[in-house]
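A short worksheet on the structure shown next.
Worth saying up front: this structure is predicted, and the values here are computed from it rather than measured.
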Amino acid sequence: IKKYPTDTNLFSIDSSKYLSGMKFLWDKKFYQNTYAPTLAYSLLNNDNTFSSQLITGSGPDELFYGMEKYNWDFFESLSSIPVEKALEKIDVAYNIKSYELLLNSYGLDLLNEIQNNRRKMYKTISSFYNNIFEAQRLLAYMTVTAQHMHLFNNMAKLFNLKHEAPYLDEEFVKIAFSIPIDLLIKTQLNEKNVEIGKFHIKKYLEKFMDNKHIYSKKIGFHAPTTKFIYESN
């Protein structure tokens, strides 16, 4: 905001507001993730009279190894097994045990279909890459980025905005995938997690931003999901 002064609306989202954003997305039958209700609430309560674009930062985590879920040692531990099998270990089935307990027979059939489709995707990715380091990047790009784009494109359209994702410019994506992932990270930092990634982007940003911010520890997008579950349910 200091670098590019602008009119800014700041939103503090409590669990009730988070729920209102979630209900809005349910009504519109949108795919969701943990921060989608926050975005929905913000757009619903923002004066968009002078806005024409929704600009998002999707892409760099998947393209330049910025995923906070795994450390580099984890990928190295999988490098000796077939890529297809390694991808299934990386593609974490969140809360799978809970799903199996909660879902009815129709839900379980759907879950099984999803898992089988993803196994087909692992096989396709393994036909492009014979090492887990490159394959995991394509897996992340095909799943996380695609899901984000689907959500943001639909959200923008609903509010008469054009969604722009600068990091997902076609030429930029091609350049990123042409660079071996070991040239995009800096293991000399003695970091074993996400901080070793996106090194070149961080280096470039030194021209414009405070290093303390650029090289700070990454944190996930905060949403009051825990409070919502315990206070409201």
Side-chain angles (χ1 to χ4, degrees), residues 3-4 31 33 35-36 39 52-72 74-76 78-79 81-92 114 117-157 161-189 191 193-209 213-215 218 220-221:
K3 186 70 179 179
Y4 302 103
Y31 290 126
N33 53 30
Y35 55 78
L39 176 62
S52 60
Q53 296 176 325
L54 172 65
I55 302 175
T56 66
S58 290
D61 278 349
E62 293 76 53
L63 294 173
F64 297 100
Y65 186 75
M67 289 85 70
E68 68 273 22
K69 298 186 187 72
Y70 309 111
N71 62 43
W72 194 248
F74 179 54
F75 293 125
E76 289 187 330
L78 299 173
S79 60
I81 66 175
V83 170
E84 188 177 340
K85 297 296 182 184
L87 287 175
E88 186 160 5
K89 292 181 178 295
I90 287 172
D91 195 17
V92 177
I114 290 169
N117 284 336
R118 294 195 74 76
R119 289 187 184 105
K120 292 176 185 176
M121 184 173 66
Y122 309 147
K123 189 172 184 178
T124 301
I125 293 174
S126 68
S127 70
F128 297 130
Y129 293 112
N130 60 8
N131 72 77
I132 190 57
F133 307 104
E134 303 298 336
Q136 60 85 15
R137 176 164 52 159
L138 184 56
L139 175 70
Y141 181 79
M142 290 175 66
T143 54
V144 180
T145 306
Q147 189 255 2
H148 287 184
M149 291 297 289
H150 186 280
L151 170 68
F152 294 141
N153 285 340
N154 282 314
M155 193 84 77
K157 185 177 180 181
L161 302 172
K162 181 181 180 183
H163 175 220
E164 297 285 1
Y167 284 106
L168 296 180
D169 172 80
E170 183 177 353
E171 197 64 28
F172 190 69
V173 171
K174 287 179 180 177
I175 291 170
F177 271 105
S178 72
I179 303 170
I181 200 166
D182 59 347
L183 297 181
L184 296 174
I185 62 174
K186 192 158 185 174
T187 52
Q188 300 94 317
L189 293 175
E191 297 278 3
N193 54 19
V194 65
E195 269 71 46
I196 68 173
K198 296 189 287 192
F199 176 71
H200 297 289
I201 295 177
K202 293 172 184 176
K203 192 70 179 172
Y204 181 76
L205 283 174
E206 288 179 3
K207 301 177 184 179
F208 307 102
M209 301 179 73
H213 175 67
I214 296 169
Y215 292 102
K218 176 173 176 173
F221 190 96

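When ring centroids are compared, F75 and Y65 come within the 6.0 Å threshold.
N117 CG to Y122 OH: the interatomic distance, rounded to the nearest 0.5 Å, is 10.5 Å. Between atom CZ of residue F64 and atom CD1 of residue I201 there is a gap of 4.5 Å, rounded to the nearest 0.5 Å. Atoms CG and NZ, from L63 and K198 in turn, are 10.5 Å apart once rounded to the nearest 0.5 Å. Interatomic distance, OH of Y215 versus CE of M209, reported as 12.0 Å (0.5 Å rounding). Separating the CE atom in M155 from the OG1 atom in T56 is a distance of 11.0 Å, to the nearest 0.5 Å. For the atom pair CZ of F152 and CD of Q147, the computed distance is 8.0 Å after rounding to the nearest 0.5 Å.
Side-chain atoms of K120 and K123, non-hydrogen and from C-beta on, never get closer than 4.5 Å to each other. Considering only heavy atoms from C-beta on, H200 stays 4.5 Å or farther from I179 through its side chain.
The existence of a salt bridge linking E88 and K85 is excluded, since no basic side-chain nitrogen approaches an acidic carboxylate oxygen closer than 4.0 Å. Contact check on E170 versus K174 returns a salt bridge, with a Lys/Arg side-chain nitrogen under 4.0 Å from an Asp/Glu carboxylate oxygen.
In this view, E84 satisfies the salt bridge (Lys or Arg N to Asp or Glu O under 4.0 Å) rule with no residue, not counting sequence neighbours. By the ring-ring contact (aromatic ring centres under 6.0 Å, His included) test, Y204 is found to be paired with F208, residues two or more places apart in sequence or in another chain being considered.
In terms of modelled atom types and a separation under 3.5 Å, the side chain of K202 and the main chain of G197 share a donor-acceptor contact.
Between A176 and L184, the shortest heavy-atom distance links the atoms O-CD1, 4.3 Å. Heavy atoms only, all atoms of each residue included: L39 and L54 are closest at CD1-CD1, 4.4 Å. Here the closest heavy-atom approach between residue L168 and residue S58 is recorded as CG-O, 3.6 Å. The heavy-atom pair separating Y167 from F172 by the smallest distance is O-CD2, 3.1 Å. Closest of all the heavy-atom pairs between V83 and Y129 is CG2-O, 3.9 Å. Taking both residues in full, the closest heavy atoms of S79 and E76 are given as OG-O, 2.7 Å, listed atom of the first, atom of the second, then distance.
Applying the salt bridge (Lys or Arg N to Asp or Glu O under 4.0 Å) test to every pair with at least one member in residues 128-142, sequence neighbours left out, gives these pairs: E134-R137.
Other residues, nucleotides and ligands contribute only 12 or fewer heavy atoms inside 6.0 Å of the CG atom of N130.
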When you look at L139 and I90, which way does the side-chain contact (heavy atoms from CB on, under 4.5 Å) test go after all the steps?
CA-CA 9 Å; L139 175 70; I90 287 172; 4.2 Å; yes
Between L78 and Q136, is a side-chain contact (heavy atoms from CB on, under 4.5 Å) present by the stated rule, with each step listed?
CA-CA 11 Å; L78 299 173; Q136 60 85 15; over 6 Å; no
Under the criterion side-chain contact (heavy atoms from CB on, under 4.5 Å), I'd like the reasoning laid out for M149 against H163: C-alpha separation, chi angles, the key distance, then a yes or no.
CA-CA 9 Å; M149 291 297 289; H163 175 220; 3.5 Å; yes
